[in-house]
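What follows is a set of notes on a single structure, which appears directly below.
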Amino acid sequence: MKPSVVLYKSLPDDLRQRLDEHFTVTEINGLTAENLEKHAEAFASAEGILGSGGKVDSEFLAKAPKLRVASTVSVGYDNFDVDALNQRGVLLMHTPTVLTETVADTMMALVLSSARRVVEVAERVKAGEWQSNIGPDWFGIDVHHKKLGILGMGRIGLALAQRAHLGFSMPILYNARKHHDAAEQRFDAQYCDLDTLLKESDFLCISLPLTEQTHHLIGREQLAKMKPSAVLINAGRGPVVDEQALIEALKDGIIHAAGLDVFEQEPLPADSPLLSLPNVVALPHIGSATHETRYGMAKDAVDNLIAALTGKVEKNCVNPQLLK
Ligand SMILES: NC(=O)c1ccc[n+]([C@@H]2O[C@H](COP(=O)([O-])OP(=O)(O)OC[C@H]3O[C@@H](n4cnc5c(N)ncnc54)[C@H](O)[C@@H]3O)[C@@H](O)[C@H]2O)c1
Ligand SMILES: O=C(O)[C@H](O)CO
């Protein structure tokens, strides 16, 4: 008999077919409380789950007593209680690597659009405000040759360093839990402590995961250490930055601008003060959102689930110690 799995994100037809070849699939529309109740039987018999978003914690695991594998269509896994999964012996599979270059492209787009005010001035053109030669009120700030600080020099940080250093002649500073040899050798990146990163970066780019240690790592005190001309870019997770403190810093001129792909609450509420600030570029969490990359992530998530439920895991496992 094929193992039962719950699919909580829709897949392209060919990938859905591949999943059906291996498993008996129950497809639901998200891991909501309502769906957990409505599809209690499917969760009670599920050996695997595949999707993205929604909390997977001990309360969830109690409803899925046969679960062996959770496969998320994302690299970030802050919505999973990894300790609870480990206690239950549930493997957690994710999709690093396939999205790295695309997310770095998004971060570079945020750097450029925040500095050159691309969104703001394009809106002004559409509104018919371009009536004569433009003056300084349309100008932005340079990107090339400015110092780019990377907070979280992992896969995405490295791909951003490549773009910024080789493409835009930007000196790279970074802070991470440890030195990154490839970043130092290939892009001359200089390791520094967080305070130095805050004080010296012209663009502070955050590509950190959300953990207990990184929650509100950037708050009022840290923003105050940044240059008034600095731009903050966040494509890691929203809660790494204290959003209220960021709003105040942007309003008060403590920093110059922000380019944000992630927020404390997503979707960002329509009445968020961030949306009325001209010096903010706000994107709807599109870091990896290209057709090619989203397909690649879904494919990897399907392959990961098949590998893990058939005992053939070689990569993409968050808790490989369970395999021993
Ligand atoms: N906006 C998006 O659509 C999008 C897309 C993909 C990933 N992400 C986010 O980006 C994160 C990073 O992805 P990645 O593939 O580069 O991961 P990664 O594991 O390769 O890199 C993370 C880096 O953060 C560093 N780090 C972790 N905790 C730290 C701390 N307390 N202080 C300093 N450095 C710390 C690590 O040392 C590592 O260098 C993901 O976890 C996810 O949250 C967002
Ligand atoms: O972590 C990730 O992969 C992205 O944020 C998409 O959720």
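This chain uses plain numbering: 1 for the first residue, then up along the sequence. Values below: every heavy atom of this structure, side chains too, minus hydrogens, waters and symmetry copies. When a ligand or atom number is given, it counts from 1 through the structure's own listing order.
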Query raised in the report: K299: what forms a side-chain hydrogen bond (donor to acceptor under 3.5 Å, both in side chains) with it, not counting sequence neighbours?
Result: D303

Requested in this report: Would you confirm whether the ring centroid of Y191 sits within less than 6.0 angstrom of the ring centroid of H179?
Outcome: yes

Return yes or no for this condition: an N or O of [X] is under 3.5 Å from an N or O of ligand 1.
X    : result
G76  : no
A235 : yes
L151 : no
R177 : yes

Under 4.0 Å to a heavy atom of [X] - the qualifying atoms of ligand 1, by number:
X    : value
D261 : 1 (N), 2 (C), 3 (O)
N175 : 33 (C)
V262 : 1 (N)
S288 : 3 (O)

Query raised in the report: Do D242 and R220 sit within salt-bridge range, that is, some charged N less than 4.0 Å from a carboxylate O?
Result: no

Query raised in the report: Does a salt bridge link R16 with E27, judged by any charged N lying under 4.0 Å from a carboxylate O?
Result: yes

Test item: [X] and [Y] side chains (from C-beta on) under 4.5 Å apart, heavy atoms:
X    : Y    : result
K63  : E59  : yes
R117 : R124 : yes
L274 : I247 : yes
M93  : T72  : no
E47  : L67  : no

What closest approach, in Å, do [X] and [Y] show between heavy atoms, and which atom pair accounts for it?
X    : Y    : answer
G236 : V262 : O-CG1, 3.7 Å
G154 : H180 : O-NE2, 4.2 Å
G149 : S201 : CA-OG, 3.3 Å

For [atom], find the nearest protein heavy atom and state the residue, atom name and distance (0.1 Å precision).
atom                    : answer
atom 5 (C) of ligand 1  : V103 CG2, 3.4 Å
atom 20 (O) of ligand 1 : R155 N, 2.9 Å
atom 3 (O) of ligand 1  : H285 CD2, 3.1 Å
atom 21 (O) of ligand 1 : G154 CA, 3.2 Å
atom 22 (C) of ligand 1 : P209 CD, 3.8 Å
atom 16 (O) of ligand 1 : I156 N, 2.9 Å
atom 42 (C) of ligand 1 : R237 NH1, 3.6 Å
atom 9 (C) of ligand 1  : G236 O, 3.4 Å

Please work out whether any backbone atom (N, CA, C, O) or any side-chain heavy atom from C-beta onward of [X] is under 4.0 Å from ligand 1, and answer side chain, backbone, both or neither.
X    : value
L217 : neither
M153 : backbone
S207 : backbone

Query raised in the report: In terms of side-chain heavy atoms, does H216 have a donor or acceptor partner in E264 at a distance below 3.5 Å?
Result: yes

Query raised in the report: Can a donor-acceptor pair be found between the side chains of T211 and Q213 at a distance below 3.5 Å?
Result: yes

Please state whether [X] comes within less than 4.0 angstrom of ligand 1, counting heavy atoms only.
X    : answer
P96  : no
T214 : yes
T211 : no

Query raised in the report: Out of V75, T95, L208, whose heavy atom is nearest to atom 11 (C) of ligand 1?
Result: L208

Query raised in the report: Rounded to the nearest 0.5 Å, how far apart are OG1 of T100 and CD of Q162?
Result: 11.5 Å

Query - T293 side, atom OG1; E101 side, atom CD - distance, nearest 0.5 Å - result: 9.5 Å

Distances for all N or O pairs of ligand 2 and the protein under 3.5 Å?
| from | atom 1 | to | atom 2 | distance (Å) |
| --- | --- | --- | --- | --- |
| ligand 2 | 1 (O) | G76 | N | 2.9 |
| ligand 2 | 1 (O) | R237 | NH2 | 2.7 |
| ligand 2 | 3 (O) | V75 | N | 2.7 |
| ligand 2 | 5 (O) | R237 | NH1 | 2.8 |
| ligand 2 | 5 (O) | R237 | NH2 | 3.4 |
| ligand 2 | 5 (O) | H285 | NE2 | 2.7 |

Report task. Please name the residue in the list L112, L148, D142, V111 that meets the side chain to side chain contact (heavy atoms under 4.5 Å, CB included) test with F168. Result -> L112

